[in-house]
Amino acid sequence: MASLQVEELSHSLLEISLQELVKEPIITIPQNFIRLDQEPPSSLPYGSPSPITTPTIDMSRLVSGEDDGHELEKLHSTCKEWGLFQLVNHGVSSSLLEKLKHELEEFYKLPLEEKMKYKIRAGEVEGYGNTAREAGKLDWADRFFMITNPIHRRKPHLLPELPSSLRNTLESYLLELQKLATKLLSLMAKALKIDVTEMIELFDDGMQSVRMTYYPPCPQPELVMGITPHSDATLLTILNQVNGVDALQIKKGGVWFPVSFLPDAFVVNVGDVLEIFSNGVYRSIEHRATANSEKERISVAFFINPKFEAEVGPSPSLINPKNPPLFKRFRMEQYVKDFFSRKLNGKTYLQHMSIENGEGNSA
Ligand SMILES: O=C(O)CCC(=O)C(=O)O
Ligand SMILES: [Fe+2]
């Protein structure tokens, strides 16, 4: 088959399925994907940085009742200093994780017409496809984003219409992750010395969403971005690197480092909303994903957030004359709307919410 003439591709296909695009040999990376505005994946002067050793938190120790406070203290210091950790012994069964991997691989093998049923509709952010970044640039990825909780916010043509085996597996997975996130956030409240009920009231039956991403192999990975640098506008994110291919990078001390996932671990990261709620004690982390020259990659990010109706700001338990609030208060619904109307750009959205640097109150 003739090599693909990029010029002939309609822009809309680029925005919908990169997976379709790379089915044909690509001679040149389409301009929309070339990210000369970004530090390339190997940004250190002496070559590619080695993977960074990220802290590991053992969930079974945290919940066993036998923790002498050591694991909780580690969780606390990690959220303060890193905003990210690998969670092991998390209790989500390997059979469920295997099933999820299988179902997602099958989903991405479906013909484009099938996947198009879920495509992002005009003016919406949920669904299957790719959305333009700064200056019309696209990430090297096909995404499927949807709000999964509260249930009445689910779009009828998305989760409810997925192939039934994927839908059932995803439902079980989401329930497991909801339980896991609840435990983690309650433990974090304890570590922060915030009333646990204050934390639970904030996120119980709150907004939850999931982003499943398919990253096709890329012939020139150094020219593109799998996902543009950002911090998550969430309380907490639980990332599952479904098919075991590494690509996540985090910015630490101003330098990008690859993260090498431990087998069966989730990567958990503190989001901007938790940074705000903890009045800056916990820090969200800037991250990005690169592309791989040979392998496809699938990841699933589960996002947990406060209720849409919640008014969010620094927890009153952490505010006193010595610790004035560092962030504005806002309504979650408005915060989410504003987030989606901005382009991803490092931690700039959080800076916008800071009292010192904010451009104006968005509440
Ligand atoms: O796929 C990854 O490793 C990162 C995904 C991510 O950061 C996101 O979906 O917010
Ligand atoms: Fe993210």
Side-chain angles (χ1 to χ4, degrees), residues 18-19 35 38 41 51-52 54 82-87 97 100-101 104-105 108 120 125-131 133 138-148 170 173-174 177 181 207-218 221 224-252 256-262 264-275 282-292 295-305 336 339-340 342-350:
L18 185 57
Q19 190 183 0
R35 301 303 301 270
Q38 296 295 327
I52 198 163
T54 49
W82 285 76
L84 171 136
F85 53 88
Q86 305 224 23
L87 187 69
L97 296 177
L100 182 69
K101 171 173 183 265
L104 285 171
E105 284 173 344
Y108 286 111
I120 303 174
V125 292
E126 292 176 67
Y128 173 75
N130 199 341
T131 39
R133 305 286 180 211
L138 293 166
D139 288 338
W140 193 263
D142 290 335
R143 309 215 162 82
F144 194 144
F145 172 74
M146 58 194 166
I147 293 175
T148 54
L170 208 49
Y173 181 71
L174 292 170
L177 286 216
M207 178 204 173
Q208 290 158 29
S209 55
V210 71
R211 178 152 54 221
M212 307 181 287
T213 310
Y214 177 86
Y215 301 90
C218 178
V224 304
M225 265 300 121
I227 188 165
T228 302
H230 65 285
S231 54
D232 293 334
T234 61
L235 270 170
L236 215 58
T237 301
I238 303 181
L239 184 66
N240 173 359
Q241 184 166 266
V242 174
N243 66 343
V245 177
D246 283 335
L248 181 72
Q249 298 198 335
I250 56 173
K251 201 172 203 179
K252 187 110 179 95
W256 285 107
F257 288 97
V259 175
S260 176
F261 274 60
L262 298 170
D264 300 325
F266 291 140
V267 164
V268 177
N269 65 269
V270 169
D272 292 348
V273 180
L274 187 52
E275 179 162 341
Y282 286 1
R283 309 298 298 271
S284 66
I285 179 125
E286 197 174 339
H287 54 284
R288 68 183 189 180
T290 57
N292 189 293
K295 296 183 192 147
E296 61 178 20
R297 175 173 187 257
I298 300 173
S299 76
V300 175
F302 170 78
F303 305 111
I304 186 156
N305 261 317
V336 173
F339 175 76
F340 282 113
R342 292 169 75 98
K343 300 287 179 205
L344 279 192
N345 184 6
K347 286 188 70 164
T348 55
Y349 189 41
L350 182 73

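These numbers were taken from a predicted model, which means no experiment stands behind them. Just so you know, ligand 1 is whichever comes first in the structure, and atom 1 is the first atom listed for that ligand.
- For the pair Thr213 and ligand 1, the shortest N or O to N or O distance does not fall below 3.5 Å.
- Residue-environment remark: CG (Asn243) exceeds the threshold of 12 foreign heavy atoms within 6.0 Å.
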Show your reasoning for whether side-chain contact (heavy atoms from CB on, under 4.5 Å) applies to Thr228 and Arg35.
CA-CA 9 Å; Thr228 302; Arg35 301 303 301 270; 3.1 Å; yes
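- Counting heavy atoms only, Arg297 comes closest to atom 3 (O) of ligand 1 of the residues Arg297, Gln241, His230, Met212.
- Taking the six-membered ring for Trp and thresholds of 30 and 60 degrees, Phe340 and Phe145 have ring planes inclined between 30 and 60 degrees apart.
- Selection from Tyr214, Phe145, Tyr215 by nearest heavy atom to atom 4 (C) of ligand 1 gives Tyr215.
- Between the CZ atom of Arg288 and the CD1 atom of Ile250 there is a distance of 11.5 Å, given to the nearest 0.5 Å.
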Quick one, Tyr173 with Asn240, criterion side-chain hydrogen bond (donor to acceptor under 3.5 Å, both in side chains). Give me CA distance, side-chain angles, the key distance, then yes/no.
CA-CA 11 Å; Tyr173 181 71; Asn240 173 359; 3.1 Å; yes
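- Using a distance-only test at 3.5 Å, with no hydrogens or angles considered, a donor-acceptor pair links the side chain of Arg297 to the main chain of Val245.
- Those atoms of ligand 1 that come under 4.0 Å of a heavy atom in Asp232, given as number and element, are 10 (O).
- For His287, the N, O or S atom closest to the Fe ion (ligand 2) goes by the atom name NE2.
- Atoms of ligand 1 lying under 4.0 Å from at least one heavy atom of Ser299, given by number and element, are 1 (O), 2 (C).
- Between Leu84 atom CG and His287 atom NE2 the span is 8.5 Å, to the nearest 0.5 Å.
- Within Asp232, the N/O/S atom positioned nearest the Fe ion (ligand 2) carries the name OD1.
- Below 4.0 Å from some heavy atom of His287 lie the following atoms of ligand 1, by number and element: 7 (O).
- The atoms of ligand 1 that sit less than 4.0 Å from any heavy atom of Phe303 are 9 (O), 10 (O).
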